[in-house]
Amino acid sequence: MILEACVTSTSEAIRSVAGGARRLELCRDLSLGGLSPTAEAVTQTRHALRECGHGATPLFCMVRPRGGPFRAGPDLVELMAREAVALREAGADGLVFGVLDRADRVDRAALSVLMEAAEGMPVTFHRAFDEIAEPLDALEQLAAAGVRRVLTGGGPGSAWEGRERLRALVQVAAQHYPGVTILGAGSIRGDHARALVDATGLSECHARSSAFPALAEALGIRKAPE
């Protein structure tokens with residue numbers, strides 16, 4: 001089991017890793033669902049992790065310049081691509097983004113531009129996925145594009161509410177798209193994490209930094225060594 005913590009500061013990053021997180025997603029302004037961090041924030045977080053002995057912790061970065069719908073016209077796609085390059089150059093290990101077309105399907109043209117900007121870095125398609133009416137079709141498209149993870153609650157609500165769809169997605173990915181990992185997300189807490197994992201077969205979960213270390217303890221994950 002790998003736990004990923006969503007963090008917005010160096011202090012949250014350090015606390016989360018100490019509490020059992022094995023990967024970080026750095027963003028800002030969670031009130032808008034998470035926006036792109038600055039390149040400076042990436043550099044500072046990477047430095048802080050090295051200073052406390054956790055420099056090898058993978059640091060993924062959100063690529064989302066503004067809040068609102070996940071549709072992106074050409075100008076926004078170009079801005080996202082520039083941000084992706086800047087975050088990569090600042091030290092990100094992976095990128096997190098999602099783009100939909102006007103019919104709320106994967107915007108494959110925009111995704112292609114962003115995947116090119118990622119230059120082979122691992123990419124997570126974020127919870128824009130949960131607005132797609134045909135998730136299995138979307139999963140096939142994301143796999144074909146080279147996306148490595150899909151962040152999803154199995155629907156627009158919590159992961160616990162979407163556990164049946166999460167189980168189906170985990171099974172389909174394992175059988176047909178072994179290069180894609182379903183990253184469970186959506187109000188995952190220590191008091192139900194074990195039941196959720198048992199019900200879905202998830203191998204990776206994502207939660208806010210405030211959920212640690214209770215989440216790690218519930219799943220039997222040892223804290224990182226000091």
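Numbers here are sequence positions counted from 1. Please read all numbers here as calculations on a predicted model, not as lab measurements.
- Among all heavy-atom pairs drawn from Ala159 and Ile188, the shortest one is CB-CG1, 3.8 Å.
- The distance from the CG atom of Asp75 to the CE atom of Met80 is 13.0 Å, given to the nearest 0.5 Å.
- Using a 4.5 Å cut-off on side-chain heavy atoms (C-beta onward), Ile182 and Thr152 make contact.
- Apart from Leu30 itself, the hydrophobic cluster it occupies contains nothing, where clustering links Ile, Leu, Val, Met, Phe, Trp and Tyr at side-chain heavy-atom distances under 4.5 Å.
- Not a single donor-acceptor pair under 3.5 Å links the side chain of Thr124 to the backbone N or O of His126.
- Side-chain contact of Glu40 with Gln44: a donor-acceptor pair under 3.5 Å is present, judged by distance alone.
- Side chain of Arg108 to main chain of Leu142: no donor-acceptor pair is present (N/O by atom type, distance under 3.5 Å, no hydrogens or angles).
- Atoms OG1 and CD, from Thr43 and Glu89 in turn, are 11.0 Å apart once rounded to the nearest 0.5 Å.
- In the hydrophobic clustering of this structure, Ile2 does not group with Leu166; members are Ile, Leu, Val, Met, Phe, Trp, Tyr whose side-chain heavy atoms approach within less than 4.5 Å, directly or through other members.
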Under the side chain to side chain contact (heavy atoms under 4.5 Å, CB included) rule, what do Met121 and Phe60 come out as? Steps first, then yes or no, please.
CA-CA 10 Å; Met121 294 176 68; Phe60 281 45; over 6 Å; no
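- Counting non-hydrogen atoms of other residues, nucleotides and ligands closer than 6.0 Å to CZ of Arg66 gives a total above 12.
- In this structure, the side chain of Asp93 engages the main chain of Leu59 through a donor-acceptor pair within 3.5 Å.
- With Arg28 contributing its side chain and Ser36 its backbone, the two residues share a donor-acceptor pair below 3.5 Å.
- Side-chain contact between Leu219 and Val197 is present, with at least one heavy-atom pair separated by less than 4.5 Å.
- Side-chain atoms of Arg165 do not come within 3.5 Å of backbone N or O of Gly162 as any donor-acceptor pair.
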In sequence, state the C-alpha distance, the side-chain angles, and the governing distance for Val85 and Arg88, and then conclude on side chain to side chain contact (heavy atoms under 4.5 Å, CB included).
CA-CA 5 Å; Val85 172; Arg88 187 186 73 235; 3.8 Å; yes
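- Glu12 and Thr8 form a side-chain donor-acceptor contact under 3.5 Å, judged by distance and modelled atom types alone.
- At a threshold of 4.5 Å between non-hydrogen side-chain atoms, the residues Leu100 and Asp107 do not count as touching.
- When the salt bridge (Lys or Arg N to Asp or Glu O under 4.0 Å) test is applied to Arg71, the partners found at least two apart in sequence or on another chain are Asp104.
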Show, in sequence, the C-alpha distance, side-chain angles and deciding distance for Leu35 and Cys27, and conclude whether the side chain to side chain contact (heavy atoms under 4.5 Å, CB included) test is met.
CA-CA 5 Å; Leu35 300 180; Cys27 60; over 6 Å; no
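- Taking 4.5 Å as the limit, some side-chain heavy atom of Leu76 sits within range of a side-chain heavy atom of Pro65.
- For the atom pair CD1 of Ile14 and OG1 of Thr45, the computed distance is 8.5 Å after rounding to the nearest 0.5 Å.
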Before you tell me yes or no, could you show the steps for Arg105 and Glu134 under salt bridge (charged side-chain N to carboxylate O under 4.0 Å, His left out), namely the whole-Å CA-CA distance, both residues' side-chain angles and the distance that decides it to 0.1 Å?
CA-CA 8 Å; Arg105 299 168 300 200; Glu134 300 294 338; over 6 Å; no
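- Side-chain contact between Met62 and Glu25 is present, with heavy atoms from C-beta onward closer than 4.5 Å.
- Smallest separation of non-hydrogen atoms from His192 and Ser187: CE1-O, 3.2 Å.
- Surrounding CZ of Arg23 are more than 12 heavy atoms belonging to other residues, nucleotides or ligands, all under 6.0 Å away.
- Without hydrogens or angle criteria, Arg148 side chain to Val123 main chain gives no donor-acceptor distance under 3.5 Å.
- Scanning both residues, Ala145 and Leu111, for their nearest heavy atoms gives CB-CD2, 3.6 Å.
- The closest side-chain heavy-atom distance from Val96 to Val63 is not below 4.5 Å.
- With a 6.0 Å cutoff to the six-membered ring centre and a 45° limit on the axis angle, Arg64 does not count as a cation-pi contact of Phe97.
- Side-chain contact between Val150 and Leu169: absent, with no pair of heavy atoms (C-beta onward) separated by less than 4.5 Å.
- Between the side chain of Asp29 and the backbone N or O of Gly34, no donor-acceptor pair lies under 3.5 Å.
- Contact detail for Cys61 and Val42: the closest heavy-atom pair is SG-CG2, 3.6 Å.
- Remark: side-chain polar atoms of Thr181 are not paired, donor with acceptor, to backbone N or O of Leu183 under 3.5 angstrom.
- One hydrophobic cluster holds both Leu202 and Val172 under the rule that ILVMFWY side chains link at heavy-atom gaps under 4.5 Å.
- To the nearest 0.5 angstrom, Cys205 atom SG is 5.5 Å from Leu196 atom CG.
- The minimum heavy-atom distance between Val99 and Ala110, with the atom names listed, is CG2-CB, 3.9 Å.
- In this structure, Phe129 CZ and Leu151 CG are separated by 10.5 Å, a value rounded to the nearest 0.5 Å.
- Thr57 places a side-chain N or O within 3.5 Å of a backbone atom of His54 that can act as its donor or acceptor partner.
- One finds the CD atom of Glu119 at 10.5 Å from the CG atom of Leu95 (value rounded to the nearest 0.5 Å).
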Give the C-alpha distance, both sets of side-chain angles, the deciding distance and a yes or no for side chain to side chain contact (heavy atoms under 4.5 Å, CB included) between Leu215 and Ile221.
CA-CA 9 Å; Leu215 181 57; Ile221 296 173; over 6 Å; no
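- Of all heavy-atom pairs between Ala39 and Ala90, the closest is O-CB, 3.7 Å.
- Taking Arg149 as the reference, Glu204 meet the salt bridge (Lys or Arg N to Asp or Glu O under 4.0 Å) condition, with sequence neighbours excluded.
- No chain of hydrophobic side-chain contacts below 4.5 Å, direct or via other Ile, Leu, Val, Met, Phe, Trp or Tyr residues, connects Leu32 to Leu79.
- Between Leu24 and Val17, the closest side-chain pair of non-hydrogen atoms falls below 4.5 Å.
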